[in-house]
Protein chains: 2
Amino acid sequence: MLKKLELDRKEKFQEFKVSELGERFARLQRVCESMDIPILIMVDGWESSGKGYVINDLVRELNPKMYDVEVFDRLDKEDLKYPFLRKFWIYTPKKGYVKIFDRSFYYELMDDLKIKDEDLEKKINSIKDIEEMLYDDKTVIVKLFLNVDEKTQKNTIKELEKSELKSFYVDNHDIEQNENYDKYKEHFEKILELTNFENTPWNIIDSSKLKNASKEALGITIMEIEKGIERVAVSREDGVRNTRDYKPNEKPLEKLDLTQTITDEEYDEQLKKLQREVSDMVYKYYNAEIPTVLVFEGVDAAGKDGAIERLIRYVDPRLKKIHAISAPDQGELARNYLWRFYKKLPENGKMGIFSRSWYGRVMVERVEGFATENEWERAYDEILKFEKQIYDHGALVLKFFIVIDKDTQLERFKDRENTPDKQYKITSEDWRNRDKWDEYIESMNEMLDRTNVDYAPWIIVEGNQKKFARIKVIKSYLEHAEKRLKELEKNK
Amino acid sequence: MLKKLELDRKEKFQEFKVSELGERFARLQRVCESMDIPILIMVDGWESSGKGYVINDLVRELNPKMYDVEVFDRLDKEDLKYPFLRKFWIYTPKKGYVKIFDRSFYYELMDDLKIKDEDLEKKINSIKDIEEMLYDDKTVIVKLFLNVDEKTQKNTIKELEKSELKSFYVDNHDIEQNENYDKYKEHFEKILELTNFENTPWNIIDSSKLKNASKEALGITIMEIEKGIERVAVSREDGVRNTRDYKPNEKPLEKLDLTQTITDEEYDEQLKKLQREVSDMVYKYYNAEIPTVLVFEGVDAAGKDGAIERLIRYVDPRLKKIHAISAPDQGELARNYLWRFYKKLPENGKMGIFSRSWYGRVMVERVEGFATENEWERAYDEILKFEKQIYDHGALVLKFFIVIDKDTQLERFKDRENTPDKQYKITSEDWRNRDKWDEYIESMNEMLDRTNVDYAPWIIVEGNQKKFARIKVIKSYLEHAEKRLKELEKNK
C-alpha cells in the first residue's frame with residue numbers, strides 16, 4: 001500500500017518534512033521499478049543556486065542502488081566529435097531507475113549568451129525530439145529550474161567562497177554570471193519559454209530558502225511520477241490505440257528489375273579501381289573531419305556482408321568500424337531502442353557501418369511482435385529525427401537496402417546448408433523468417449516509403465546477381481560521398 | 001579442412017603471397033571464433049615505420065564483422081583520471097574476435113625518454129600482469145615491433161610529407177624521433193628487452209620493405225594463433241590440472257564474536273555525527289583528487305545494502321556511485337571477468353562502491369562451478385594484481401565482509417518473506433545458496449585468508465546486530481580513509 005500524501009497543490013508541499021516527501025519518492029521509485037518506468041530528473045538553474053543541496057535532499061531516501069547523478073559541464077573536445085545529444089542520450093535512465101542530471105543539455109544553451117538563433121533553433125529541436133521520444137517511451141521527465149535573485153546569488157557566492165571546498169562550489173563563471181545577472185535573466189527566460197514543452201514543462205523553483213526548495217522539488221517530482229504511473233497504467237489498459245493511418249504511397253520493392261547483371265569482365269575491370277577510390281574518399285572524409293554513417297539492410301541472404309566487405313576492402317582499418325547488429329542484450333533492452341546506436345555513432349572523420357540497424361524496430365520487431373504497434377508506428381518518425389541529428393551534426397548518412405527474389409533466397413539458403421564453410425550463416429531462424437516473406441516485404445515497403453529522405457536516402461540495390469549489387473553499392477557510396485563533401489565544404 | 005601452409009620457419013613467410021597468408025589468418029580466426037579464443041595483435045614500432053600499411057594487409061581477408069582496430073595515442077586528460085591500464089583493458093577483444101592495437105600500452109613507455117626507473121618498473125609490472133592474465137584466459141597475444149633504420153625512416157618521412165594526407169601520416173613527433181634516432185633506439189631496446197615476456201615475446205620485424213614486413217607480420221600471427229589453438233585444445237583435454245596446493249593458513253570466519261551489539265542510544269548518538277564525517281571525508285578526497293574503491297561482500301542477508309545506505313547517507317550524490325553487481329550479461333561473459341569492473345572504476349576524486357564484486361569469481365563462481373578450478377584458483381592472484389593497480393594509481397581500496405550466523409540468516413529470510421515491502425529481496429536462489437552454507441563459508445574463508453593485503457585490506461564485520469555492523473563499517477571507513485589521505489599527502 002502506498003501512503004498517499006495530499007500533494008494535489010504546490011502550496012501543500014511545505015506542510016511536510018523533507019524526509020516524508022523523500023520516503024514517498026522512494027516508494028514511488030519502487031512502483032516505477034516494477035512497472036519498468038524510467039525517471040529522469042533534470043536540475044538546472046543559476047550558478048550557486050543550491051543545485052547540490054537540492055539534489056542531496058532529493059535522493060536521500062532512495063535505494064542507493066537505484067539512482068545516480070550525472071554532472072554535466074561544458075562539452076569538452078571529445079564531446080564535440082559527436083552529435084550534440086549523444087552525450088546525454090547515453091546517460092538516460094534505464095527502466096525503473098532514477099537518473100539525476102546536474103545540469104543537462106540545457107547547459108549549452110543557457111550558458112551561451114551569444115548563441116546564434118539558427119543554432120539555438122536546431123538545438124532546441126533536438127532537445128524537443130529527445131524529450132518527446134523519452135516521454136513516449138514511458139520515461140517520467142522532471143525539469144527543475146532553481147531560481148534566485150541577484151542579491152541572494154551574490155550573498156551565496158560570498159558564503160561559498162569562504163568554504164574549504166571553494167573550488168568545488170564556486171568558480172569564475174558563478175561570479176561572471178552574477179555580474180551580468182540581467183543579461184542572463186533575459187536569456188534564461190527566453191530559453192525556458194522556448195523549451196517549456198507541453199509534456200515536459202519547466203518547474204521554476206524559488207531557491208532562496210533551500211529547505212523549501214528541496215520540498216518543492218520533491219513535491220513536484222512526486223506529482224510528476226504519479227502522473228507518469230497513471231499514464232502508463234492507462235495506456236496499458238487501453239492496449240493498442242488505433243491511431244495508425246498509413247496509406248501506402250508506393251511500394252518501392254514492387255517495381256524493381258532484380259535480374260540486372262554485369263559481366264565478370266566488367267566486374268573485374270571496375271572493382272579494384274572503385275575500391276581504391278573508396279579508400280581515397282575515406283581519407284578525404286578523415287581530413288575534413290566528416291563522419292559517415294552507412295546502414296545496410298535487406299532480406300536474409302541478400303548479400304549485405306559481402307557488399308560491405310567489397311566496399312571497405314582497401315579502406316584504412318583505423319578509419320572504419322563495422323557494427324553487426326543482432327538482438328539487444330539485457331542492458332540494451334532496458335533502454336530506448338535507439339540507445340545502443342547512439343553509443344556506436346562514429347566520431348568525426350570516421351566511418352561507422354551498420355550491418356542491420358535501428359530499422360529492426362520497423363521490420364523484425366514489428367513482424368515478430370517484439371514492439372507494440374504504437375511503438376513501431378512511432379518509430380518511423382523517431383528514426384528520421386535520429387538520422388536528422390546525425391546529418392545536422394555534419395555527417396554523411398546513407399542507407400542501402402539489398403533485395404533478392406524469393407527463389408534466389410531459396411537457392412542461397414540451400415547453398416549455405418550444403419557448403420561447410422557457409423553453414424554458420426544459416427539458422428532455423430532464417431527459415432522461419434522466410435515463412436513470413438510477405439509480411440516482411442510489406443514492412444520493408446512501408447519502411448522504404450516512409451523513411452527515404454534527402455538527408456538520409458535509401459539506395460535500393462537489386463541483388464539477384466551479387467556482382468551487380470556490389471558494384472552498385474560502391475558506386476552509389478562514391479557518388480553520394482562526393483556530393484556531400486562538396487556541400488559541406490561549400491558551407492564551411 | 002584447414003589449408004595448412006608450411007609456416008614452420010620465418011624464412012618461409014616470404015614464399016607466399018600476402019593474400020594467401022591473409023586467407024589463412026581468416027580461416028584461423030573462424031576456428032578461434034568457434035573455440036572462443038580472443039586474438040589481440042599489438043602493432044608498435046618507430047614512427048613512420050609503416051604500421052598503417054602492415055595493419056591494412058593484416059586484416060584485409062578477415063570477416064569485417066570480426067575485427068577492429070583501436071588507435072592509441074598519447075593519454076589525454078580523461079585517461080589520467082584512471083589507473084594506467086584501464087583504457088587498454090576495456091578495449092581487449094572479446095572471445096573469437098580480433099582486436100588490433102595500433103600502438104598500445106607500450107606507447108607511454110617508449111615515447112617517454114625521461115621516464116623514471118621507478119615509474120617504468122611499476123608500469124612494466126602492470127603490463128606484465130595484464131598480458132599474463134589475458135594469456136591465461138586463452139587470449140592469443142601477438143606483439144609486433146616494426147623496425148626501421150635511421151635513413152629509411154628519414155626517407156619515409158620525406159615521402160609522406162608530400163602526401164595530401166600529411167597530417168594523418170606525419171607530425172612533429174616523427175621528425176623529432178628521427179633527429180634523436182640513437183637515443184630512441186637505446187631506449188626502445190631497453191624496453192623491448194624488459195617486456196619480452198616468456199609467453200608474450202616481441203617480434204621485431206624489419207619494415208624497410210613493407211610488403212615483406214606484411215608477410216612477416218601475417219606469418220608470425222598465423223604461427224602464434226596455431227600455438228594458441230593447440231594450447232587451448234590441450235588444456236581442454238587435460239581438464240583440471242592438479243596444481244592446487246592451498247593449505248588453509250587460518251579461517252578468519254571461525255574466531256568471530258558475532259553477538260557484539262551496541263545499544264539503541266549509542267547508535268542514535270553516534271550515527272548522524274559519523275555520517276557527517278563521512279560526507280566531509282568524501283569532499284576531502286574530491287579536493288585531493290583521490291579515488292575510493294569500496295567493496296561490500298558477505299553472506300546473503302548479512303546487511304550489505306543497509307550498511308552502504310547508512311555509510312553514504314550524507315555523501316554528495318555527485319561524488320559517489322553504487323554498483324550493484326549481479327550475473328554478468330552476454331557482452332561481459334565474452335570477456336575476462338575483470339573487464340566489467342575496470343569499466344566501472346571511479347575517476348579521481350570520486351567514490352565507487354561495489355555491492356558484490358570481482359570476488360564473485362572465488363565465491364559464487366567457484367561454488368556453483370561457473371568457473372573452472374584453474375580459473376578461480378588463478379583469480380586470487382589476479383584480483384590482488386587488479387587491486388594493486390588501483391592502489392598504485394593512488395586510490396583508497398577497502399573491502400568489507402559482513403558475516404551473520406546461520407540462525408540469524410534464517411530469521412532474516414523468514415522476515416523478508418513475511419514482509420510485503422521486503423519480499424523482493426528474497427528469491428529461491430537465496431534458499432539454494434543457504435543449502436550450500438558450508439561450501440560458501442569454506443570459499444569465503446579461503447578468500448579472506450588469501451586476499452587480505454595491506455594495500456586492500458578486508459574488514460570483517462560482525463553482523464548479527466545490524467546497528468553494530470553499520471557503525472563498525474562507518475568507523476572503519478573513516479579510520480582507513482584518514483590514514484590513506486595522510487599517507488598520500490605526505491608522498492606528494
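All of these numbers come straight from a predicted model, not from anything done at the bench. A note on names: the letters A, B, ... follow the listed sequences, proteins ahead of strands, and every chain is numbered from 1.
Looking at B:Arg276, its side chain never comes within 3.5 Å of a backbone N or O of B:Tyr314 through a donor-acceptor pair. Using modelled atom types, one side-chain atom of A:Ser34 and one backbone atom of A:Val31 make a donor-acceptor pair closer than 3.5 Å.
Only the side chain of A:Asp102 comes within contact range of chain B, judged by heavy atoms closer than 4.5 Å. Residue contact with chain B, scored on non-hydrogen atoms closer than 4.5 Å, involves the side chain of A:Tyr67 exclusively. If you measure heavy-atom distances from A:Ile55 to chain B, the contacts under 4.5 Å come from both the backbone and the side chain. The contact between B:Glu70 and chain A is made entirely by side chain atoms (from C-beta outward), counting heavy-atom distances below 4.5 Å. Proximity to chain A (any heavy atom under 4.5 Å) is shown, for B:Ile100, by neither the backbone nor the side chain. With a 4.5 Å cut-off on non-hydrogen atoms, A:Asp68 touches chain B through its side chain but not through its backbone. Using a 4.5 Å cut-off between heavy atoms, A:Glu309 contacts chain B through both its backbone and its side chain. Neither the backbone nor the side chain of B:Tyr53 comes within contact range of chain A; no heavy atom of the residue lies under 4.5 Å from a heavy atom of that chain.
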Worksheet item: When you look at B:Trp339 and B:Glu332, which way does the side chain to side chain contact (heavy atoms under 4.5 Å, CB included) test go after all the steps?
Response: CA-CA 7 Å; B:Trp339 182 76; B:Glu332 291 164 346; 4.0 Å; yes
Item to complete: Could you please spell out the steps behind the side chain to side chain contact (heavy atoms under 4.5 Å, CB included) verdict for A:Thr292 and A:Lys350?
Response: CA-CA 6 Å; A:Thr292 302; A:Lys350 304 220 171 161; over 6 Å; no
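Residues A:Phe400 and A:Phe296 place their aromatic rings such that the two centres sit under 6.0 Å apart.
Heavy-atom pairs under 4.5 Å with chain B peak, among A:Gly349, A:Pro64, A:Ala324, at A:Pro64. Most heavy-atom pairs under 4.5 Å with chain B, from the set A:Val71, A:Asp305, A:Ile308: that is A:Asp305. Here A:Arg318 is the residue among A:Lys321, A:Gln330, A:Arg318, A:Glu61 with the most heavy-atom pairs under 4.5 Å with chain B.
Shortest non-hydrogen contact noted between B:Lys65 and A:Ile322 is CG-CG2, 4.2 Å.
No more than 12 heavy atoms of other residues, nucleotides or ligands lie within 6.0 Å of CD in B:Glu289, so this atom counts as exposed by the packing criterion.
Side chains of A:Asp316 and A:Tyr283: a donor-acceptor N/O pair is present below 3.5 angstrom, by distance only.
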